[in-house]
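Notes follow the structure.
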Amino acid sequence: MTFKVTILGSGSAMPTAGKHNSAHILNVYEQFYLIDCGEGTQIQMRKYGINPMKIRAVFISHLHGDHVYGLQGLISTMNFLKRATPLYVFGVRPLEDILDFHIQYFEPELNFEIIYKEINARSSEIIFENKVMEVYTIPLRHRVPSSGFLFKEKHPALNIKKNIPEKYDLTIPQMHALKQGGDIFLQGSEILKNTDATYYPYSPRSYAYCSDTSYSAKVADIVHGVDLLYHESTYLEVDRKLAKQSGHTTALQAAKIAEKADAGRLLLGHFSSRYEDLELFESEARTIFPNTSLAIEGETFEIPVKNYQQF
């Protein structure tokens with residue numbers, strides 16, 4: 001029941017020797033999703049042992065180069081390796097035109113289908129769903145249309161409390177009905193309510209990715225209760241005016257969002273190249289939100305199973 005994020009890039013517009021452009025890998029039940037694809041992403045994937053052929057979908061937050069320049073190269077590599085399964089790509093207009101241009105001139109014989117899904121950066125809505133997860137957009141405030149992403153694990157299947165089948169002498173069809181969320185009729189007119197007989201073995205987990213954006217309290221409302229919140233912190237509070245002018249956030253502002261959202265943990269990233277000591281970001285944010293960490297490239301942050309109940 002894996003649910004973890006690996007940081008491939010934590011820098012902002014100007015890549016440096018130690019900080020690559022934005023890119024995260026989300027692993028949910030061994031299904032891999034790429035969130036943003038800055039320059040050098042596929043090299044980082046190889047460095048940290050992530051097979052590009054396992055990527056099921058790519059989510060692009062906005063059309064600034066440090067978030068998308070690596071996508072064309074990644075597609076070319078997938079084609080070179082004879083990928084056959086479709087690749088879902090989510091992004092704002094005109095990402096589809098950009099991909100079509102690349103394919104027309106560089107990959108005219110593409111071995112796999114790219115299924116492009118345009119997203120609306122102005123509202124929060126579900127854009128992807130499978131058996132274990134749902135993905136929602138998070139409207140952000142940047143210089144161009146920009147969207148974050150909220151990845152939410154679905155509720156696990158219901159379990160029946162250990163003493164229930166024997167106590168009520170349940171049949172297999174009755175137990176199946178309980179697991180499907182229904183109540184069942186017992187002898188006479190007695191009803192066994194589902195809420196009295198079943199339980200969820202663990203609580204659904206969630207991860208939110210918010211980059212790039214100015215401070216927005218609405219983000220906190222959308223991601224409220226999220227287990228792991230990645231929020232850009234391009235600048236320190238001393239450069240707050242510059243952050244506002246460029247459509248970015250300070251570490252202190254990111255911490256305020258995490259506090260308002262009642263997040264479990266905050267990850268800071270998208271650091272400006274003007275700063276050498278990244279510990280300053282962590283220290284600044286922790287004055288408001290103690291459970292803050294830096295999105296260091298190569299590190300993996302796992303969201304463990306929580307609230308497991310045994311009966």
Which atom pair, heavy atoms only, marks the closest approach of [X] to [Y]?
X: Ser10; Y: Ala295; answer: CB-O, 3.1 Å
X: Asn120; Y: Glu125; answer: CB-OE2, 3.9 Å
X: Arg83; Y: Thr85; answer: NE-O, 2.9 Å
X: Ala157; Y: Pro201; answer: O-CD, 3.3 Å
X: Leu71; Y: Val89; answer: CD2-CG1, 4.3 Å
X: Pro52; Y: Leu81; answer: CG-CD1, 4.5 Å

With a 6.0 Å cut-off (strictly less than), is the heavy-atom count around [atom1] of [X], excluding the residue itself, greater than 12?
X: Arg93; atom1: CZ; answer: no
X: Tyr275; atom1: OH; answer: yes
X: Arg56; atom1: CZ; answer: no
X: Arg274; atom1: CZ; answer: yes
X: Gln104; atom1: CD; answer: yes
X: Tyr48; atom1: OH; answer: yes
X: His176; atom1: NE2; answer: no
X: Glu39; atom1: CD; answer: no

Consider only side-chain N and O atoms of [X] and [Y], and report whether a donor and an acceptor are under 3.5 Å apart.
X: His102; Y: Ser76; answer: yes
X: Glu282; Y: Thr292; answer: no
X: Thr6; Y: Thr300; answer: yes
X: Tyr209; Y: Asp36; answer: yes

Worksheet item: Given the rule in the side-chain contact (heavy atoms from CB on, under 4.5 Å) test, do Ile160 and Lys179 qualify, once you have shown the distances and angles that lead to the verdict?
Response: CA-CA 7 Å; Ile160 299 176; Lys179 288 184 176 182; 4.1 Å; yes
Fill in: Positive for ring-ring contact (aromatic ring centres under 6.0 Å, His included) with His270, one of His67, His231, His24
His67
Is there a continuous path of hydrophobic side-chain contacts, each under 4.5 Å between heavy atoms, that joins [X] to [Y]?
X: Val28; Y: Ile25; value: yes
X: Ile103; Y: Tyr69; value: yes
X: Val226; Y: Leu268; value: yes
X: Met14; Y: Tyr235; value: no

Using a 4.5 Å cut-off on heavy atoms from C-beta on, say whether the side chain of [Y] contacts that of [X].
X: Gln174; Y: Leu192; result: no
X: Glu297; Y: Lys47; result: no
X: Arg122; Y: Pro139; result: no
X: Met78; Y: Ile55; result: yes
X: Gln245; Y: Leu242; result: yes
X: Tyr33; Y: Met133; result: yes
X: Leu63; Y: Val144; result: no
X: His62; Y: Leu140; result: no

Discussion item. Looking at Glu153 and Arg205, is there a salt bridge between them, counting it only when a charged N and a carboxylate O are closer than 4.0 Å?
Written reply: yes
Worksheet item: Is Lys256 paired with Glu259 through a side-chain N to carboxylate O contact shorter than 4.0 Å?
Response: no
Taking [Y]'s backbone N and O only, do any of them form a donor-acceptor pair with [X]'s side chain (distance below 3.5 Å, no angle check)?
X: Gln180; Y: Gly182; value: no
X: Thr77; Y: Gly73; value: yes
X: Asn159; Y: Tyr199; value: no
X: Thr213; Y: Arg141; value: yes
X: Ser12; Y: Phe271; value: yes
X: Asp262; Y: Gly225; value: no
X: Asn194; Y: Leu178; value: yes
X: Lys19; Y: Ser272; value: no
X: Ser206; Y: Asp227; value: yes
X: Glu107; Y: Ile75; value: no

Worksheet entry | Derivation and outcome, side-chain contact (heavy atoms from CB on, under 4.5 Å), residues Glu96 and Leu99 | CA-CA 5 Å; Glu96 185 176 23; Leu99 294 179; 5.8 Å; no
Let me confirm one number: the [atom1]-[atom2] distance from [X] to [Y], rounded to the nearest 0.5 Å.
X: Ile119; Y: Leu95; atom1: CD1; atom2: CG; result: 9.0 Å
X: Arg286; Y: Asn291; atom1: CZ; atom2: CG; result: 8.0 Å
X: Ser233; Y: Leu280; atom1: OG; atom2: CG; result: 11.5 Å
X: Phe128; Y: Asn130; atom1: CZ; atom2: CG; result: 4.5 Å
X: Ile138; Y: Ile222; atom1: CD1; atom2: CD1; result: 6.5 Å

Worksheet item: Is the Lys NZ or Arg CZ of Lys152 less than 6.0 Å from the centre of Tyr136's six-membered ring, within 45° of the axis?
Response: yes
Item to complete: Please test Tyr200 against Leu158 for side-chain contact (heavy atoms from CB on, under 4.5 Å), starting from the C-alpha separation and ending with a verdict.
Response: CA-CA 5 Å; Tyr200 286 113; Leu158 286 167; 3.6 Å; yes
Worksheet item: Step by step, would you call Ile7 with Phe301 a side-chain contact (heavy atoms from CB on, under 4.5 Å)?
Response: CA-CA 8 Å; Ile7 310 301; Phe301 299 86; 3.8 Å; yes
Fill in: Given Tyr230, Phe151, Phe90, the one that forms side-chain contact (heavy atoms from CB on, under 4.5 Å) with Ile35
Phe151
